[in-house]
Amino acid sequence: MINFEKFTLKNGLKVIVHQDKTTPIVAFNMLYNVGARDEAESQTGFAHLFEHLMFGGSVNIPDFDTPLQKVGGDNNAFTSNDITNYYITLPKDNLETAFWLESDRMLSLAFTDKSLEVQRSVVIEEFKQNYLNQPFGDVWLLLRPLAYQNHPYKWATIGKKVEHIEDATMEDVKAFFKKHYIPNNAILTVAGDVELNEIKALAEKWFENIPKGKTPNRSLPKEPQQTEAKRLEVERDVPANAIYKAYKMCKKDDADFFATDLLSDVLSLGKSSRFHTNLIKEQKLFSDISAYVLGSFDEGLFIISGNLSEGITYEAAEKAIQIELDNIKNNLVDNNELTKVKNKIESTTEFAETSVLNKAMNLSFAELIGDANDVNLEAEQYQEVTKEKIKEIANQILNESNCSTLIYAKKK
């Protein structure tokens, strides 16, 4: 159970406070309600570019990292298709430094030509190194547009193509910042040995004078229901043949999410899972294979990905996967099997709650999707999933007509 309190500043910034007296370290998490899905299709990669730009200094603080390092702090950030998240961990006694730094870049990010060019170069290099010049690097650049027809999930967080970052102008960048990086489009969570009144005073001092903006109106194109199988075959210079199968599934806040997540765990979580036992250990068809859910805020993807063993044909590999899927669609999972994956989720959740940073992040995510208190209901919702529900979800989503398959072959 994560206890917390929350309040909202006059400018719309939501603040969540979790007290944990067992640690001298405080986590300071700033979540912005903007991700790659909020970009224009002709200007993708902007949310990720901003993840970098936010470290390029603000008007009053030209160097973000040095003041933080001087007080024993650490920081980082990540972007997804749904969110952008910045976090700082630092000793309790130096907490105000985090408020000072984070509020200054929200109020007045330094839009200098030098900062834009430096960060643009970093992102372009990352695009080329991690997505274009690395084995299997372009999988998501291929799989997303195969799976999605209309929804902006059809491009990866890095962007559709490197030219969108190369061509970004200062005006484009400023407009994106002004629209999304505003107090009423953010959630601040502070977790550690802190008092509510202390955080309220600091939040009012450092953030309340930042003007609120016009709340972004998110009107995303609706993805039509997939009714026929999609397939793409490519050849690349990679060490092994691979296969990726993406099935459309519900969104993160849907009641069916917990059963869908457990379904993926029954298939591939751990050495005793079905995929590992049958497809790797016994039949030796794959060197590795996994099933997982993306947990997207809009309708997401249930992914099966595997590297084929040497000499195994795609026909044999796909047939074996299909046998496993038919089995879970036609028969109820074993009681012990379901209990095991539920227990693993519960222990993972409990372990995550030993970290103040994990708690701060999870409270922020839950609040954005619906209510911060949902973090305290998750374990119970997983435990309530029945064998019948797993079978129902399997029949609902694990069909070829709902699947986009990427055949990723090594060059002959």
Side-chain angles (χ1 to χ4, degrees), residues 4-19 26-35 37-39 46-47 49-51 53-61 64 67-68 73 75 77-79 82-88 90 94-111 171 173-192 194-219 297 360-374:
F4 64 90
E5 296 178 87
K6 58 184 179 180
F7 58 90
T8 304
L9 298 182
K10 290 172 185 172
N11 59 9
L13 177 67
K14 291 183 178 178
V15 184
I16 301 171
V17 183
H18 164 66
Q19 187 183 68
V26 176
F28 181 103
N29 194 82
M30 181 65 78
L31 173 67
Y32 285 98
N33 185 12
V34 56
R37 64 176 174 164
D38 297 299
E39 299 159 350
F46 271 48
L49 175 61
F50 258 98
E51 177 198 320
L53 277 173
M54 291 283 266
F55 291 98
S58 51
V59 171
N60 300 306
I61 308 165
F64 190 87
L68 195 57
N75 75 101
F78 59 86
T79 316
D82 296 309
I83 58 165
T84 309
N85 194 72
Y86 300 87
Y87 56 93
I88 295 171
L90 74 178
N94 301 327
L95 176 58
E96 190 161 7
T97 301
F99 278 87
W100 168 58
L101 290 168
E102 203 67 63
S103 64
D104 202 62
R105 64 179 175 181
M106 181 190 281
L107 173 67
S108 51
L109 195 65
F111 289 105
E171 288 69 32
V173 168
K174 282 183 175 178
F176 194 80
F177 179 82
K178 187 178 177 185
K179 181 178 181 181
H180 297 289
Y181 296 81
I182 50 179
N184 46 310
N185 200 42
I187 298 167
L188 167 61
T189 302
V190 183
V194 295
E195 301 288 340
L196 175 65
N197 290 339
E198 168 196 16
I199 301 306
K200 196 173 270 190
L202 287 169
E204 288 171 355
K205 175 182 175 181
W206 290 105
F207 284 98
E208 196 152 63
N209 289 333
I210 300 174
K212 71 185 298 183
K214 184 181 177 185
T215 304
N217 176 28
R218 183 179 282 128
S219 180
F297 287 9
M361 285 185 185
N362 290 336
L363 285 166
S364 297
F365 303 154
E367 181 67 22
L368 181 58
I369 297 173
D371 182 357
N373 192 52
D374 289 345

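Side chains included, hydrogens not; waters and symmetry mates left out as well; all remaining heavy atoms used.
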Going through the distances and angles, do Phe7 and Val17 end up as a side-chain contact (heavy atoms from CB on, under 4.5 Å)? CA-CA 9 Å; Phe7 58 90; Val17 183; 4.0 Å; yes

Show, in sequence, the C-alpha distance, side-chain angles and deciding distance for Tyr32 and Met54, and conclude whether the side-chain contact (heavy atoms from CB on, under 4.5 Å) test is met. CA-CA 12 Å; Tyr32 285 98; Met54 291 283 266; 4.0 Å; yes

Step by step, would you call Trp206 with Glu102 a side-chain hydrogen bond (donor to acceptor under 3.5 Å, both in side chains)? CA-CA 9 Å; Trp206 290 105; Glu102 203 67 63; over 6 Å; no

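Nearest heavy-atom pair, Leu9 versus Val15, reported as atom, atom and distance to 0.1 Å: CG-CG2, 4.4 Å. Residue Ile210 comes nearest to Ser103 through the heavy atom pair CD1-O, 3.5 Å, listed as atom of the first residue, atom of the second, then distance. Between Ile182 and Pro216 the shortest heavy-atom distance is CD1-CD, 4.2 Å. For the pair Ser58 and Ser108, the tightest heavy-atom approach, listed with the atom from each and the gap, is CB-O, 3.3 Å. Heavy atoms only, all atoms of each residue included: Asn29 and Met361 are closest at OD1-CG, 3.3 Å. The minimum heavy-atom distance between Ala366 and Asp374, with the atom names listed, is CB-CB, 4.3 Å.
Across Asn373, Asp371, Thr189, a single residue satisfies side chain to side chain donor-acceptor pair (under 3.5 Å) together with Lys6, and that is Asp371. Tested against Leu31, the residues Asn85, Leu363, Asn185 include a single side chain to side chain contact (heavy atoms under 4.5 Å, CB included) partner, Asn85.
Contact annotation: the side chain of Phe176 never approaches that of Leu49 to less than 4.5 Å [non-hydrogen atoms, C-beta and beyond]. Residues Phe50 and Val173 have side chains in contact (heavy-atom distance under 4.5 Å, counting atoms from C-beta outward). The shortest distance between side-chain heavy atoms of Ile199 and Leu95 falls below 4.5 Å. Between Leu188 and Phe28, the closest side-chain pair of non-hydrogen atoms falls below 4.5 Å. By the 4.5 Å heavy-atom criterion applied to side chains, Pro67 and Leu101 are counted as neighbours. Under the 4.5 Å side-chain criterion, counting only non-hydrogen atoms from C-beta, Phe64 is in contact with Ile88.
Once rounded to the nearest 0.5 Å, the distance linking CG of Asn94 with CH2 of Trp100 reads 12.0 Å. Going from atom CG of Leu53 over to atom CZ of Phe46 covers 9.5 Å, rounded to the nearest 0.5 Å. Between Met30 atom CE and Thr84 atom OG1 the span is 12.5 Å, to the nearest 0.5 Å. Atom NZ of Lys179 is separated from atom NZ of Lys214 by 9.0 Å, given to the nearest 0.5 angstrom. Taking CG from Leu109 and NZ from Lys178, the interatomic distance works out to 14.5 Å, rounded to the nearest 0.5 Å. Going from atom CG of Asp104 over to atom CD1 of Ile61 covers 4.0 Å, rounded to the nearest 0.5 Å.
The side-chain tip of Arg105 points at the ring of Phe55 from less than 6.0 angstrom away and within 45° of straight on.
Relative orientation of the Tyr181 and Phe177 rings is parallel, given thresholds of 30° and 60° on the angle between their planes. Taking the six-membered ring where the residue is Trp, Phe99 and Phe207 present perpendicular rings, their angle passing 60° and hence far from 30°. Ring geometry for Phe78 against Tyr87 counts as tilted: the plane angle lies between 30° and 60°, on a 0 to 90° scale.
Under the 3.5 Å distance criterion, the side-chain polar atoms of Asp82 are matched with a main-chain donor or acceptor of Phe297. Of the possible donor and acceptor atoms, none in the side chain of Asn11 sits under 3.5 Å from a partner among the backbone N and O of Asn184.
Look at Lys205 and Glu208 and you find no salt bridge, because none of the NZ, NE, NH1 or NH2 atoms lies under 4.0 Å from a carboxylate O.
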